[in-house]
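Chain letters run A, B, ... following the sequence lines, proteins first and then strands; every chain starts at 1.
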Amino acid sequence: MTAQTQVAAKPAIELCGIDKRFGAVHANKNIDLKVAKGTIHGIVGENGAGKSTLMSIIYGFYEADSGEILIDNKVTKIADSKTAIASGIGMVHQHFMLIQNFTALENVILGAESGVMLNVSLDKARKELTRLASEYGLDVPLDVPVEQLSVGMQQRIEILKALYRGAKVLILDEPTGVLTPQEAEHLFKVLEALKKQGSTVIIITHKLQEIMAITDNVSIMRRGEMVGHVKTAETNREQLAEMMVGRKVLLNVNKTAAKPTDTLLKVNHLSWQDDAGVQRLEDVAFSVRAGEIVGIAGVSGNGQSELLELLSGIKDIQQGSVEVAGTQLDQDSQMTPEQLRAIGVAHIPEDRHKMGLVNSFAADEAFILGYHRADQYNGKLLMDQAAIRKDCAEKMQKWDVRPQDPKLKAANFSGGNQQKLVIAREMEQKPDVLLVGQPTRGVDIGAIESIHNRIIEMRDAGKAVLLVSVELEEIMSLADRILVMFDGKIVGEVPASKANEQILGLMMANIVPDEVKALQQEAEA
Amino acid sequence: MEYFQTVILILDATLRVATPLIFAALAGLFSERSGVVDIGLEGKILASAFAGAAAAYVFNSPWMGLIVGVLVSVSLAMLHGFATVTHRGDQVVSGMAINILAMGLTASLGNFWFHQGGNTPNLVNALENIDARFTTIVFPFAEQLKDVPIIGGIYSELLSGHFLLVYLALAAVPLSWFVLFKTRFGLRLRAVGENPTAVDTAGISVVGMRYMALAICGALAGLAGVYLSVAVTAQFLPNMSAGKGYMALAALIFGKWRPRGALLACLMFGILQAIADRSQGAMIGSVEIPVQLIEALPYILTVVLLGGFIGTAIAPKAIGRPYVKERE
Amino acid sequence: EEETASASDSFKPAVIYDTAGKFDKSFNEAVFRGGVEQFKLDKGVEVAEFEPQNEEQREQGLRTLAQRGQSPIVAVGFNMQSAVQKVAEEFPETQFAIIDSVVDLPNVQSMLFAEHEGSFLVGALAAMASETNKVGFVGGMDIPLISKFACGYEQGAKYVSADAEVFQNMTGSTPAAFGDPARGSELAKSQIAKGADVVFAAAGGTGLGVYQAAKDEGVYAIGVDSNQNYIQPGSMLTSMVKKVGFASYTTWAEALEGDWQPGIKVFDLASGGVDYAIDEYNESLITAEMSSTVESIKADIIAGNITVHDYTATMSCDY
Amino acid sequence: MSQQEIPNWVSIVIVPIVNIILAAIVSGFVFLYLDINPIDAVSTMAYGAFGSSYGWGYTLYYTTSFIFTGLAVAVAFHGSMFNIGGEGQAYIGALGVGLVCLFLGGKVPFLLLLPMSIIAGGLFGALWAFIPAWLAANRGSHVVITTIMFNFIAASLMAFLLVEVLKPAGSMSVETAVFDQAAWIPKVFEVAGSFGIKMQRSPLNLSIIWALICSVFVYIFIWKTKWGYEIRAMGQNASAAEYAGISLNKTIIMTMLISGMLAGFFALNVVQGEAHQIKLSLVNGMGFTGIAVALMGRNHPVGILFASLLFGFLYQGGGELQFEYGVDPRIIVVLQGLVILFSGALEHMAKHPVERAYLMLTGKFNKTEQEGA
Ligand SMILES: Nc1ncnc2c1ncn2[C@@H]1O[C@H](COP(=O)(O)OP(=O)(O)OP(=O)(O)O)[C@@H](O)[C@H]1O
Ligand SMILES: Nc1ncnc2c1ncn2[C@@H]1O[C@H](COP(=O)(O)OP(=O)(O)OP(=O)(O)O)[C@@H](O)[C@H]1O
Ligand SMILES: [Mg+2]
Ligand SMILES: [Mg+2]
């Protein structure tokens, strides 16, 4: 590491030779890092590069196999989170560390109680939180179980947790992945305020424009190694992307104009309530034609998941109807996911771990999930394992899934390769309608490029594609038309050519800008 | 009046029958709220019943029985912790192992020590000058008020005249509620059963919390066992727990992992048992109800209620899963 | 290495207990104390013992004993019936004896007891001792054998006091009912609450709970099978002894003498096979009047002046 | 320490053996405390269980029972359901087998009766699993609790049927009449005898062949058919299974039915093969032991075969201890408990040291791993 000289100010945290293995995975290789006091320090790197691991080591969640951590120039042994907290480090994890059925107040005091009796701690925290809220604009409802709050609110609670414990160094692991652009902006204001007060912030993000916007310095990780440190002012997105992946990356998707034909998917007045009686979808209506990609934007949790699950037959239709590939579905004539697959509806689920794969299955078993009853994979009584393996091996080669071993456990593939496996499975069945949820979530830039190209290919082959994504950039670059969902309703539609982050961001917060209203009136007329 | 008397007697019996269930259900509550399934309640009850009776006999003191019984039960709980918390073993398997171990050890050691086929000697034995059984507590004026209508029945019959442990079980319910929901310890314990990773990142030791929860669980289950042998029967008999640990688990789930709910479920089982004990030869029309049906009633009712009325109880989220930080 | 099953020159008696084990303080223990120990004391012969732990082991134990050349083998309890039936057929040279059940084979002696007669006596004592004219019976497992106790007890009580009330409860319908003292205690308490002041338990280990409850509530209890008066001195009115130990002893002794006979042998009041127990623990509880009445009843039964209805004869207690 | 570096046989063969050795060592201390020389005890047990055709017969007879109950638990495990109800399902299965043998024994040729009793045993066992399964599928009830309750209910029901309905009039013990001899499953010693091979009498009967067939069936069903695929998918990841169009309700019920069926087959061995009558509490904890068997056998039929043999050895060898030493036979229950504790609950305890030892012996051990462990 030669670029260490760039850090001029006194370091708040310094890492020397941090090394960490998880079994065979060498997650962090001899990492050095200096984070200057009072700065915002970005860390970027492709998926699985070891960023979260490194931060978790600073926070004492994992213990490094070797290496040293210096806090304020003093070697500090951080054996557990308790020591880290005592050393003034706070962390907002990629997956929130909240007790879902506790209130914000309870979550904040957990581990930082001021005595044996709870009410004493709660009263004290209530006062302190009220102060912090006004100081940083971090208002949250204090007495509602956090499971009832939006992710944005939950994140504020996480930040409050750290501040309540007196954090001087705040680590944020992919904080904006789940936020609306407006919420993200608010977050950045909070971070700026913290910086002004002399706190240090370390932020991990995949969104290079955010790095450019708020950080002072950036460190780049690749495959467990620290490959560079740069001053933000002296770099650009292309250079960062190249350092992350190790080769040049096209950040923009090339595609021709859509040539839509027949309507293959039509959704009429679809409404749906969950078991708890919450209205998850309300009067949703739209259609997708062959040869076009319709994107659905929105903060996650606004009904997109339910919509996909209804369209793919996982959930039962309660109200309204769906016409898909010439078949009418409603309350009285439902289809199972299996039947829908048979009529040409494929579904790439939002969460590959939760739905797309069975982690303990071998790759070839995972590769037939949902198609396991198909004739091509079955003999008279038993499954045709040779055929399954052969097909999987072929498709792995075609889609460049690495390692190309159909018998490797699904869990042992990296995220990007798991996603490729799922996408290969669904696209290779030649569907007419393709439902796609978060196709590149947690997937690194290299893989994103190829996945995007495949989706465009599907469109150009005359398929109807419905794309749900929380990544505005992804939606804008792939979709031909964009619908925005908020609270189970479609807020409005914008042609991709007219869309920008500003407009979509407002609509994601349920505000329809005048220009969109005008567009809609135009379309109706 | 006759009718009232019958009701009082049934309720009186209900308290006696429900006491070990209440202790055991609360024991399970602490363990499961911390995320550790405890199917080994049965074994802990059995082991502490044995150890309690043996110690009470040897030291000729019910209190020594109580102490030793509880200690043995706590040790088994620690063994459960060692297997499931430290070594991340399967919690159900560990519980089963403890149940089977307790069954075998109590009988073998009992036979080896006392040569009575696994029984301990009787704790009340004028010949050997042994009187190591708990005595019942009679409230002041219970005798005098006995014949006063209503009040006499309730005060002298229903409330007075139970073993100390019966009152302790009833007191343990609000106490457990207080500990779980009003103290720092309780907050952390509930948190660890919901999301141990979050607790870990909050600087609290997951392992430590779970061990503490298990210790409390062991102590409470120990009281259930001691109640059976040192108070009720004044002797240990092999297998005397007779499924109470499992019933307590059912009560816990019924009660949706809450102290009051568990109490009510235990009382319900108790009342069913008390009625069953008293309704042999009961008739429906001219057909005698088979005793076996009456016996099976608590179990049938459990199934019916579980399936029909209480819906899905929401378990602590992290229950049953060992806390693993680093995947291997 | 296969051992022959013939009764060899060396005399090798054996016993196989019921699953309750030899220290159940009642039935099996009576065989142990009155049979095995006594036999060794008197004849200096060791009796091989086996305690099966489960259903398979009944038969397995029996077969192993037979295979090792043990004979005669006493099987304790009606639960052994089918095992004896099978194994006795396999080893026609070996002598078997079964308590409480009949196995009709040329090498099996079936030892039955007139439990109804003994129960009649303790029923009479119970009714005499009762001040409330209400007495209770707590049975173990709900089977005809236990009903035989209950029915004899009821007859005895009503014989002394025609309007006596007899409460009856069975603990359960599985063998576990013989080992559930907590339940026994509850049942006794419910009977005592209804006014019973003497409770007879024919319930194996469950009885211990009954005796404890009786003691706690200050009423009398009656023991069963063995003399159980010592268990709660002062509150045990008497015990209905069923001399299974004596019966086992007789079988071995007969075989030793060489005059062992197969077939049914009934141990009744007349032969001293069943009786009520008087010893230092309860002599103060039985008044002279009670004693003379019960003795005359006993004489009447033996003489045939009183016939006690046997439940198992009609499978009902209609007398 | 990853799978790549440690060969499979270490965790499949060596670790379980180490676990059993640990259990044996602790058992040794228990024996010593009880004044029994552990070496003598082990040799007595080994001789008793394997020293003669008699010992083998009993050992394999118990093994047969454990194969059925172990497979039952394992199938449910693959669907991530914990069926503790093997006890009750086996008991009710005995009713099915028993009814067929009682009413058709002697009236129908054995070769026709056998399939009927197999079907009846399986069907009755499956039926007893059905209500807990249905409740789990449709009402979300906890299978562990409902199956435990169903064990109790089965005990009461069987007691009622035996006492009130099936017991021959006048008979004292609570059991049915003995089946017609034509309904008995032939004993192995008889069959061997007819081929001129002399074997001592033991309860081992031809149902062991059915147990082996069932093992093969379970292997093929779970790993080679689409139904097994669906069960495993559901067991590993229920929402992925739903996504794949697998009906969870149907799969839960199917899994439990098969599990109950296997438990029901238990009766072929114990009732039709040996007791020849239905008796009270004839299952006697073997359903519970099936859980241990399945766990030790890692829910794989081959593992279950070995685990069943181990428990068969414990049962039979333990019985012999009593004959030789007059030991309280319940010591065997202690041994069982220790085996379950060490090879089930504490399975990970030995795993790391064994793997480290392996690495050290093969020279792959290096400093980083030592620190990383
Ligand atoms: N607890 C763990 N046990 C085993 N392996 C782990 C664990 N956590 C992470 N890994 C592995 O370590 C490597 C680095 O993971 P890490 O989560 O640090 O990556 P990341 O850079 O944060 O990626 P992402 O962008 O997806 O958040 C990956 O290969 C991952 O599979
Ligand atoms: N949890 C795990 N357990 C075992 N092996 C793992 C685990 N996570 C990752 N691996 C292995 O380590 C390798 C490296 O993982 P990593 O996530 O860094 O992949 P990658 O090379 O960055 O791939 P991609 O570019 O597709 O993300 C993977 O290919 C996989 O075989
Ligand atoms: Mg990667
Ligand atoms: Mg990360």
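The CD1 atom of B:Ile100 sits 3.5 Å away from the CD1 atom of D:Ile340 when rounded to the nearest 0.5 Å. If you take CD1 on D:Ile148 and OH on B:Tyr246, they are separated by 5.5 Å, rounding to the nearest 0.5 Å. With rounding to the nearest 0.5 Å, the separation of NE2 in D:His348 from NE2 in B:His87 is 10.0 Å. Considering CD1 of D:Ile145 and CG of B:Leu249, their distance stands at 5.0 Å, rounded to 0.5 Å.
Most heavy-atom pairs under 4.5 Å with chain D: of the set B:Ala97, B:Gly89, B:Ala250, B:Gly43, this distinction falls to B:Ala97. Each of B:Ile98, B:Leu105, B:Ile300, B:Val93 has some count of heavy-atom pairs under 4.5 Å with chain D, and the biggest count is that of B:Val93. Ranked by heavy-atom pairs under 4.5 Å with chain D, the first of B:Asp90, B:Thr302, B:Leu297, B:Thr86 is B:Thr302.
Interface remark: D:Phe150 contributes side-chain atoms only to the contact with chain B (heavy atom separation under 4.5 Å). With a 4.5 Å cut-off on non-hydrogen atoms, D:Val339 does not touch chain B at all. With a 4.5 Å cut-off on non-hydrogen atoms, D:Leu295 touches chain B through its side chain but not through its backbone. Residue contact with chain D, scored on non-hydrogen atoms closer than 4.5 Å, involves the side chain of B:Pro238 exclusively. Heavy atoms of D:Ile291 lying under 4.5 Å from chain B belong exclusively to its side chain. Both the backbone and the side chain of D:Leu34 come within less than 4.5 Å of a heavy atom of chain B. Residue D:Phe82 touches chain B through its side chain alone, counting heavy-atom pairs closer than 4.5 Å. Residue contact with chain B, scored on non-hydrogen atoms closer than 4.5 Å, is absent for D:Leu157.
At a threshold of 4.5 Å between non-hydrogen side-chain atoms, the residues B:Phe112 and D:Asp35 count as touching. Taking 4.5 Å as the limit, some side-chain heavy atom of D:Met149 sits within range of a side-chain heavy atom of B:Met247. The closest side-chain heavy-atom distance from D:Ile84 to B:Ile39 is below 4.5 Å. In this structure, the side chains of B:Leu109 and D:Tyr33 come closer than 4.5 Å at one or more pairs of heavy atoms.
When the shell of 6.0 Å around CZ of D:Arg298 is examined, it contains more than 12 heavy atoms from other residues, nucleotides or ligands.
Among residues 74-82 of chain B, the residues having any heavy atom closer than 4.5 Å to a heavy atom of chain D are, in sequence order, B:Leu79, B:Phe82.
Across every non-hydrogen atom of B:Ser108 and D:Val334, the tightest pair is OG-CG2, 3.8 Å.
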